[in-house]
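In what follows, chains carry the letters A, B, and so on, assigned in the order in which the sequence lines appear, proteins first and then strands, with residues in each chain numbered from 1.
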There are 2 protein chains.
Amino acid sequence: MTAPTGVPADPQSPDAGPRRRAGRPAAAVLGQDGITTAALQLIGRSGYDGFTMAALARTLNVAPSALYNHVSSKRDVLVLVQDHLTSFVDVAGFETGPWEQAVRDWAWSYRDVFSKHTPLIPVIAVLPVTDAPKTLAMYEAVSAGFGRAGFPQERIIPAIVALESFIFGSAYDVTAPADIFDSGSMAAATPHFTSAVRRLAENVDEKPADVAFSLGLEALLAGLGALRSA
Amino acid sequence: MTAPTGVPADPQSPDAGPRRRAGRPAAAVLGQDGITTAALQLIGRSGYDGFTMAALARTLNVAPSALYNHVSSKRDVLVLVQDHLTSFVDVAGFETGPWEQAVRDWAWSYRDVFSKHTPLIPVIAVLPVTDAPKTLAMYEAVSAGFGRAGFPQERIIPAIVALESFIFGSAYDVTAPADIFDSGSMAAATPHFTSAVRRLAENVDEKPADVAFSLGLEALLAGLGALRSA
DNA sequence: CCACTAAATGAATGACGTTCATTTAGAATG
DNA sequence: CATTCTAAATGAACGTCATTCATTTAGTGG
């Protein structure tokens, strides 16, 4: 219905760079790879609040609707980002070193990566591995390590899932405000809790989230390690 | 600007019940308690997708904007719901029974409650306890139990946080699709993982999420329990 | 009796994700 | 070289939400 103008006027504000005309450009918007890295940049710059399809399109000098030629939903973009981030998780230890240290390195790096991306956790946690090849590769490396370490086959997946659950929950913990346990005016009514919190606050050297993560991880390592036969 | 009619015509569709007139009714919209239980009902009926401020208002026979007299944001409602749900978590064991069984009961019930409310987890995980009195009460009961069981004061909060992290992550796991680990066409490229998954699938008696949760919880119980002095 | 105030209204706003008809211009085909 | 095919981009709608605001209403307390 709208009168086509052949060369549409650029409606962008003057600060925006020159916008590509319609038609097939040199290499599209760079496809899913380009979208993924652009999304990662945008998230790094503006956080997940500023991460909007419109903002992502602006980053790529493209109209928002153009994104839907390469991706079928915003959730799709999040999945791409998630899978990309997984390649930063350290699984090297599983090929060489002892099981315990391998799990330690893996778990810490896994937590660190996603503590900066907690909005992805609800997505990852229920995502079929088919939709995330790099994540699948990570599972393969970890599974192989568990097998080599002498885990019975039927315990490998449950053990990994248990560790992952702990990791995801702990990633949230990293982002919690420092005063999350400050009971404020209710302190008198909660003596045991309040005194325990005070003791925790006395330790100024280590971050509370790291203390809790270390404690839980070492407990899991000891408990799960006992399942090995070798 | 709009001409006031004194008695405004009810613009609702015929299926809606009689709408209250403006002004101060008998007991408001029931205040925060009423909103909380209405929200819980609505979520139970329509899930978190259907849980919208408009839908919540309709449940209460009220205009959406009226909710903002009692609550300052949708997130506020979620916090109210979260705190209410916490009262369903079982902490009875901490007052009577042995520590291990108390933690078991607590952890399982905690996971079960929030596995049906995973959209609340990002909210809970970073929520200051001041904003959630019932949650604070739960922490008090748990802290007291840990103290009685002989935990050193400075380890109580980290231990609870570690357990909670594991619980939150595991709550997501409960909602994961059954085929989440089906590697599909990539099966050949991931032999270790694929064979481990196959072994898991052979167990038809127990749900995978329960196996993983039990495994991780028992490991944590053993590992953390060793911290007790008594 | 009157001023005060809690509470409800409904219209308006501003994001945001997503859809769709249409256009464009390389690539492929003959 | 002409024609057809098609991936990719456009911009104008939508529809859905949360949230705000000026205004009205009706108990309550002085």
Residue B/Ser65, side-chain heavy atoms: nucleotide from C/dA11, C/dA8, C/dC20 that is nearest
C/dA11
Apply side chain to side chain donor-acceptor pair (under 3.5 Å) to residues A/Thr135 and A/Gln82 and explain how you reach the verdict.
CA-CA 8 Å; A/Thr135 305; A/Gln82 181 269 317; 3.1 Å; yes
For A/Gly50 and A/Ser72, find the nucleotide of DNA chain C closest to each by heavy atoms; which residue's nucleotide sits nearer the 5' end?
A/Gly50
Interatomic distance, CG@B/Leu127 vs CD1@B/Ile121, rounded to 0.5 Å, equals 13.5 Å
Of the nucleotides D/dT20, C/dT18, D/dT10, which one has an atom closest to the side chain of B/Tyr68?
D/dT20
Are any of B/His70's side-chain N or O atoms less than 4.0 Å away from OP1 or OP2 of C/dA8?
yes
Applied to residues 111-133 of chain A, the salt bridge (charged side-chain N to carboxylate O under 4.0 Å, His left out) test, sequence neighbours excluded, yields A/Arg111-A/Asp210
Provide, to the nearest angstrom, the distance between the CG atom belonging to B/Leu60 and the C1' atom belonging to C/dT9.
15 Å
How many whole angstroms separate atom CZ of B/Arg58 from atom P of C/dA8?
17 Å
N/O-N/O pairs, protein side and nucleotides 14-17 of chain D side, under 3.5 Å:
unit_1: D/dC17; atom_1: O3'; unit_2: B/Thr52; atom_2: OG1; d: 3.4

A/Tyr48 OH to C/dA15 P, straight-line distance once rounded to whole Å:
23 Å
Spacing between B/Leu67 atom CG and C/dA6 atom C1', to the nearest angstrom
15 Å
Centroid separation under 6.0 Å, is that true for the rings of A/Phe168 and A/Tyr172?
no
If you look only at pairs with a residue in residues 120-145 of chain B, which of them pass as a ring-ring contact (aromatic ring centres under 6.0 Å, His included), with sequence neighbours excluded?
A/Phe181-B/Tyr139, A/Phe193-B/Tyr139
Could one point to a donor on the side chain of B/Asn69 or the base of C/dA6 with an acceptor on the other under 3.5 Å away?
no
Give the rounded distance in Å between these two atoms: CG of A/Leu56 and P of C/dC16.
13 Å
Just do the ring pair (Phe, Tyr, Trp, His ring centres under 6.0 Å) check on B/Phe146 and A/His192 with the steps written out, would you?
CA-CA 9 Å; B/Phe146 273 61; A/His192 297 91; over 10 Å; no
